[in-house]
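The block underneath contains the structure these notes are about, expressed in C-alpha cells.
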Amino acid sequence: MTRRFLFVLGSSRPDGNTELLARRAAEQLPEGLEQQWIDLAAHPLPDFEDLRHDSDHVRPTEGNVALLLDATLAATDVVIVSPLYWYAVSAHVKRYLDHWSGWLRTPGLDFKATLAGRTLWGVTALAHDEQVVADPLIGTLSNSAAYMGMRFGGVLLGNGSKPGDVLRDEEALSRAKTFFAQEAPLARFAYEDRAA
C-alpha cells in the first residue's frame with residue numbers, strides 16, 4: 001500500500017507553533033507522497049455520544065464526521081498535530097479520538113482491523129522547558145496506538161508559546177528533518193514491556 005499521511009490539526013489557533021513544526025517535518029517526506037491536512041477547528045466534530053449499549057452505529061455519509069472517518073480509513077499514517085493543552089491533547093483532538101470509539105462499533109467498517117499495522121504519530125509544541133510534562137499527551141497517543149494494534153512513531157516535541165517561537169527551537173527543527181524517516185515499532189502498553 002502506498003503511504004498516505006493524514007495530518008489532523010488540533011490547535012485552536014491557525015498556523016500555531018505545533019502546525020509550523022509539523023509542516024517542517026512534512027517537508028522532509030518524499031515528493032509526491034500524498035498528504036491530507038484537516039484542521040479540526042475548521043471542520044469541527046460534534047460531541048461524541050456513546051451508544052454502544054443502546055443502538056447500532058450507522059456509518060456517517062456526510063459532514064465533518066464522514067470527512068474525518070474516510071480520511072482516517074484511507075491513511076497509512078495518522079499524525080496528531082496537537083499543542084499541549086493542560087498537559088494533554090487538545091479538546092478538538094480528544095473529540096476526534098472519542099469518535100474512534102463509535103467507528104469501532106459501526107457495522108461493516110472493520111475500523112480496528114483496518115488501522116492495525118498502520119502508524120500513529122504525534123507533533124506538539126509546549127511552553128515549558130521540561131519535556132517530561134508532555135508525558136500524558138504521549139501516553140494518550142501511545143496507548144491509543146497499542147489498543148488499535150498500530151505502530152507508534154513517537155511524538156515530535158518543540159518549544160514555543162508566542163506565534164513562531166518554535167522556529168527558534170533548533171533542536172526541534174533538527175529532529176523534524178528525520179522524524180518521519182524513523183522506523184515505527186508496533187505500539188505496546190507499558191505493562192506489556194514490564195511483563196516481558
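For the numbers below, each heavy atom of this structure counts, side chains included, while hydrogens, waters and symmetry mates do not.
- Grouping the Ile, Leu, Val, Met, Phe, Trp and Tyr side chains by contacts below 4.5 angstrom, directly or via other members, places Tyr87 apart from Tyr85.
- Within 6.0 Å of atom NZ in Lys94, 12 or fewer heavy atoms from other residues, nucleotides or ligands are found, so the atom counts as exposed in its surroundings.
- Residues Tyr96 and Leu40 come closest through the heavy atom pair CB-CD1, 4.0 Å.
- Nearest heavy-atom pair across Ala187 and Ser142 is CB-O, 3.9 Å.
- Tested against Val8, the residues Val81, Ile80, Thr72 include a single side-chain contact (heavy atoms from CB on, under 4.5 Å) partner, Ile80.
- Applying the side chain to side chain donor-acceptor pair (under 3.5 Å) test to Gln35 and every residue at least two apart in sequence or in another chain returns Trp37.
- Across all their heavy atoms, Ile38 and Ala71 have their closest contact at CD1-CB, 3.7 Å.
- With sequence neighbours excluded, the residues satisfying side chain to side chain donor-acceptor pair (under 3.5 Å) with Asp165 are Arg168.
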Determine whether Leu69 and Leu109 satisfy the following criterion, side-chain contact (heavy atoms from CB on, under 4.5 Å), listing intermediate values before the conclusion.
CA-CA 10 Å; Leu69 170 60; Leu109 276 189; 3.9 Å; yes

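- The side-chain heavy atoms of Phe152 and Arg188, taken from C-beta on, include no pair separated by under 4.5 Å.
- Listed by chain and number, the residues in a side chain to side chain donor-acceptor pair (under 3.5 Å) with Arg95 are Asp47 (sequence neighbours excluded).
- A distance-only check finds no donor-acceptor pair linking the side chain of Ser161 to the backbone of Ala127 [under 3.5 Å].
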Apply side-chain contact (heavy atoms from CB on, under 4.5 Å) to Leu73 and Trp103, showing your working.
CA-CA 10 Å; Leu73 289 171; Trp103 300 340; over 6 Å; no

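- The CZ atom of Arg23 lies 6.0 Å from the CG atom of Leu9; values are rounded to the nearest 0.5 Å.
- For the pairing with Val89, the side-chain contact (heavy atoms from CB on, under 4.5 Å) check across Ser144, Pro136, Ser82 returns one residue only, Ser82.
- Listed by first and then second residue, the salt bridge (Lys or Arg N to Asp or Glu O under 4.0 Å) pairs involving residues 24-35 are Arg4-Glu34 (not counting sequence neighbours).
- Within the model, atoms CG of Leu173 and CG of Leu20 stand 9.5 Å from one another, a figure rounded to the nearest 0.5 Å.
- For Phe180, the ring-ring contact (aromatic ring centres under 6.0 Å, His included) partners are Phe5, Phe7, Trp121, not counting sequence neighbours.
- Between Asn17 and Ala125 the shortest heavy-atom distance is CB-CB, 3.7 Å.
- Counting heavy atoms from C-beta on, the side chains of Pro46 and Val65 come closer than 4.5 Å.
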Apply side-chain contact (heavy atoms from CB on, under 4.5 Å) to His43 and Leu67, showing your working.
CA-CA 9 Å; His43 299 88; Leu67 171 71; 3.6 Å; yes

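- Judged by distance alone, with hydrogens and angles left aside, the side-chain atoms of Arg175 form a donor-acceptor pair with the main-chain N or O of Leu157 at under 3.5 Å.
- Residues Arg3 and Pro30 fail the side-chain proximity criterion, which asks for heavy atoms closer than 4.5 Å.
- The shortest distance between side-chain heavy atoms of Asp77 and Arg151 does not fall below 4.5 Å.
- No chain of hydrophobic side-chain contacts below 4.5 Å, direct or via other Ile, Leu, Val, Met, Phe, Trp or Tyr residues, connects Phe48 to Phe111.
- The line from CG of Leu115 to CG of Asp110 is 11.5 Å long, rounded to the nearest 0.5 Å.
- With hydrogens and angles disregarded, a donor-acceptor distance shorter than 3.5 Å links the side chain of Lys112 to the backbone of Tyr147.
- A donor-acceptor pair under 3.5 Å links the side-chain atoms of Gln182 to the main chain of Phe179, judged by distance alone.
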Applying side-chain contact (heavy atoms from CB on, under 4.5 Å) to Asp169 and Leu21, what does each step give before you reach the verdict?
CA-CA 10 Å; Asp169 184 343; Leu21 185 57; over 6 Å; no

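- Residues passing the ring-ring contact (aromatic ring centres under 6.0 Å, His included) test with His92: none are found, sequence neighbours excluded.
- A side-chain donor-acceptor contact under 3.5 Å links Ser90 to the backbone of Val93.
- Under a hydrophobic clustering in which Ile, Leu, Val, Met, Phe, Trp and Tyr are joined whenever their side-chain heavy atoms come within less than 4.5 Å, directly or via other members, Leu6 and Met148 fall into the same cluster.
- Contact detail for Gly153 and Thr119: the closest heavy-atom pair is N-CG2, 4.0 Å.
- Note on Leu137 and Leu156: separate hydrophobic clusters, where clusters join Ile, Leu, Val, Met, Phe, Trp and Tyr whose side-chain heavy atoms are under 4.5 Å apart, directly or indirectly.
- Side-chain atoms of Arg118 never come within 3.5 Å of backbone atoms of Val78 as a donor-acceptor pair (strictly under, hydrogens ignored).
- Side chain of Asn159 to backbone of His128: a donor-acceptor contact under 3.5 angstrom is found.
- Nearest heavy atoms, Ala41 versus Pro44: O-CD, 3.7 Å.
- When the side chains of ILVMFWY residues are joined at heavy-atom separations under 4.5 Å, either directly or via intervening members, Trp86 and Val123 end up in two distinct hydrophobic clusters.
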